[in-house]
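Ligands are counted one by one from 1 in listed order, and the atoms in each one are counted from 1 as well. Count residues from 1 along the sequence. Predicted model only: the values in this text are computed from it and were never measured. Values below: every heavy atom of this structure, side chains too, minus hydrogens, waters and symmetry copies.
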Amino acid sequence: MQQLLAMKLILTTLVVAVLALSAGTATATCDTLTVGHYRQSCRAAETIVRDTVKLYFSKDQTVTAPLLRLHFHDCFVRGCDGSVLLNATAASGPAEKDAMPNQSLDGFYVIDAAKAALEKECPGVVSCADILALAARDAVSMAAGNINGASLWQVPTGRLDGRVSSAAEAVANLPSSFADFAKLKEQFGSKGLNVQDLAILSGAHAIGNSHCVSFAKRLYNFTGKGDADPTLDRAYAAAVLRAACPPRFDNATTVEMVPGSSTTFDTDYYRLVASRRGLFHSDQALLQDREAAATVRVMARSSRQAFFRRFGVSMVRMGNVGVLTGAAGEIRKNCALIN
Ligand code: HEM
Ligand SMILES: *[C@@H]1O[C@H](CO)[C@@H](O)[C@H](O)[C@H]1NC(C)=O
Ligand SMILES: *[C@@H]1O[C@H](CO)[C@@H](O)[C@H](O)[C@H]1NC(C)=O
Ligand SMILES: *[C@@H]1O[C@H](CO)[C@@H](O)[C@H](O)[C@H]1NC(C)=O
Ligand SMILES: *[C@@H]1O[C@H](CO)[C@@H](O)[C@H](O)[C@H]1NC(C)=O
């Protein structure tokens, strides 16, 4: 009996040690977050976030893209810990927000409004990292046509907020729009995300806009020899992209990711990429890999519902990257400042 108990103890210790080890790596772990984490501690939490997003969405549907992108940028730098929201301080130095790849990050005001409402309802309970994950889900669901209806996926919650935000880490971890497939696969892989996740999450570029600087090199000087990116449809480049971004483009000029359809979340992105009209080299790079290219072609022909299901699965996996629990984090009072 005693031996059995001792065995059990050793086994349990081993299991706990293995769990602790795997939680320490910045990969997708699913055992720390739960759907409905705030059911007891802040019953209205998810409703408050959704109502806040809906308030802004009903005024301006372009709010979805920045909210979705914020969650992605948060998760890829130090895990989904709200670090993208932190302001720089004299002590911290430049924050993620201040890094070059932050170009046009936006939507902070929606997160701040949701946080203010949550602090009134249940102070100190709901993390900024969770608000980002919920707001991205709600905004995307609305852009998919479900303004009053169902969410496209359930968001496991219980993330804590981090205390560090570094511009240099943002530069190192966020993929470049000029990246080739191998680099993208490596960067997603380092977060525990696979080729399917990469191909499906890239479908986020069904919505939103880009500044010329993020792709103009493809039009005029791809390899530094005054050439164009050979993976880009030439007629499309001339008629649409060069017209929008002339050689001496204005830094403020933006182009819709999907011309004429940049606020509806759907499978348009995959048809663009399949016809060599993806806006970024990194979008077009999906065709460099057999598995990713197959996903692009399947999604280009699939129903919206089929895409949404897979997008939800990959968003949950992305939302699990490097999440903080226990003493490793806090619940910020103000999303821009550590407590
Ligand atoms: C695969 C690697 C990725 C690269 C290289 C990339 C790069 C970019 C770039 C350069 C922009 C335009 C920034 C600008 O010039 O204004 C952009 C916009 C955007 N990205 Fe990505 N991205 C990637 C993956 C993702 C993922 C995984 C998501 C979300 C799940 C996402 C969501 C968005 C959205 C929604 C926008 C539009 C933002 C707006 O209109 O304000 N991206 N991305
Ligand atoms: C964070 O920085 C932004 C932009 O500089 C500023 O508008 C905002 O007031 C700052 N937030 C706090 C809490 O200091
Ligand atoms: C992004 O970083 C640049 C500097 O690289 C800075 O001038 C700009 O204000 C930042 N944007 C945001 C939204 O913080
Ligand atoms: C093209 O790129 C090369 C190498 O980066 C650079 O030297 C050259 O000035 C660029 N040309 C133009 C027109 O921008
Ligand atoms: C456009 O951006 C570039 C590089 O970020 C900068 O050097 C240049 O001064 C900007 N031009 C204008 C008109 O703001």
Side-chain angles (χ1 to χ4, degrees), residues 61-76 80 85-89 95 97-98 100-109 111-112 115-116 128 132-133 136-137 139-140 143 165 173-181 183-188 191 193 195 197-227 245 247-249 251-258 262-263 265 269 273 278-286 292 311-312 314-319 321 332-338:
Q61 301 196 1
T62 64
V63 78
T64 302
L67 288 175
L68 177 54
R69 186 162 180 241
L70 270 186
H71 182 43
F72 162 53
H73 280 218
D74 186 32
C75 293
F76 265 59
C80 316
L85 303 172
L86 286 173
N87 278 5
T89 63
K97 277 180 187 181
D98 307 312
M100 243 344 254
N102 74 358
Q103 275 132 10
S104 79
L105 278 184
D106 200 355
F108 296 100
Y109 57 94
I111 305 300
D112 288 340
K115 180 61 171 173
C128 298
L132 281 171
R137 184 271 312 271
V140 167
S165 180
N173 285 277
L174 291 167
S176 158
S177 57
F178 299 104
D180 277 318
F181 185 80
K183 182 68 182 173
L184 294 170
K185 182 178 173 180
E186 176 206 313
Q187 284 186 297
F188 274 65
K191 308 296 172 193
L193 300 173
V195 169
D197 297 318
L198 167 59
I200 292 295
L201 291 171
S202 293
H205 290 166
I207 53 171
N209 299 279
S210 171
H211 291 79
C212 296
V213 69
S214 301
F215 61 88
K217 206 174 77 174
R218 298 185 76 200
L219 309 176
Y220 302 111
N221 204 6
F222 188 59
T223 66
K225 295 177 195 142
D227 53 342
C245 302
R248 265 183 223 85
F249 57 81
N251 284 349
T253 303
T254 57
V255 172
E256 290 180 292
M257 297 274 193
V258 178
S262 61
T263 57
F265 190 66
Y269 167 82
V273 173
L279 194 54
F280 303 136
H281 185 73
S282 60
D283 294 320
Q284 219 49 66
L286 294 175
F311 193 74
S314 287
M315 283 296 284
V316 169
R317 284 169 53 74
M318 185 177 88
V321 173
R332 262 177 236 150
K333 292 187 180 69
N334 180 321
C335 290
L337 309 170
I338 60 172

For ligand 1, which atoms have a heavy atom of [X] less than 4.0 angstrom away?
| X | answer |
| --- | --- |
| G208 | 37 (C), 40 (O) |
| A65 | 35 (C), 37 (C), 38 (C), 39 (C), 40 (O) |
| P175 | 2 (C), 5 (C) |
| S104 | 14 (C), 16 (O) |
| M257 | 17 (C), 18 (C), 19 (C), 36 (C), 37 (C) |

Ligand-side contact atoms (ligand 2) for residue partner L337, heavy atom cut-off under 4.0 Å: 13 (C)
Per-atom contact, [atom], protein heavy atoms, under 4.0 angstrom:
| atom | result |
| --- | --- |
| atom 2 (O) of ligand 2 | yes |
| atom 11 (N) of ligand 2 | yes |
| atom 7 (O) of ligand 2 | no |

S282 and ligand 1 - part of the residue with a heavy-atom distance under 4.0 Å: side chain
Within reach of ligand 1, part of F215 (heavy-atom separation under 4.0 Å): neither
Test of proximity, [X] against ligand 1: N or O pairs below 3.5 Å:
| X | answer |
| --- | --- |
| S176 | no |
| S202 | no |
| N209 | yes |

Plane angle bin for H205 and F280 - parallel if under 30°, tilted between 30 and 60°, otherwise perpendicular: perpendicular
Geometric N/O contact N221 with ligand 4, under 3.5 angstrom: yes
Within-shell test, F188 vs ligand 1, heavy atom, strictly < 4.0 Å: yes
Heavy atom of P66, distance to ligand 1 below 4.0 Å: yes
Pair D283-Y269, side-chain hydrogen bond (donor to acceptor under 3.5 Å, both in side chains): steps then yes or no: CA-CA 9 Å; D283 294 320; Y269 167 82; 2.8 Å; yes
Point-to-point distance, once rounded to the nearest 0.5 Å, from CG of L132 to NZ of K115: 11.0 Å
NZ-SG distance between K191 and C75, expressed to the nearest 0.5 angstrom: 10.0 Å
Ligand 2 to N87 polar contact by distance, N or O atoms, under 3.5 Å: yes
H205 atom (N/O/S) at minimal separation from atom 21 (Fe) of ligand 1: NE2
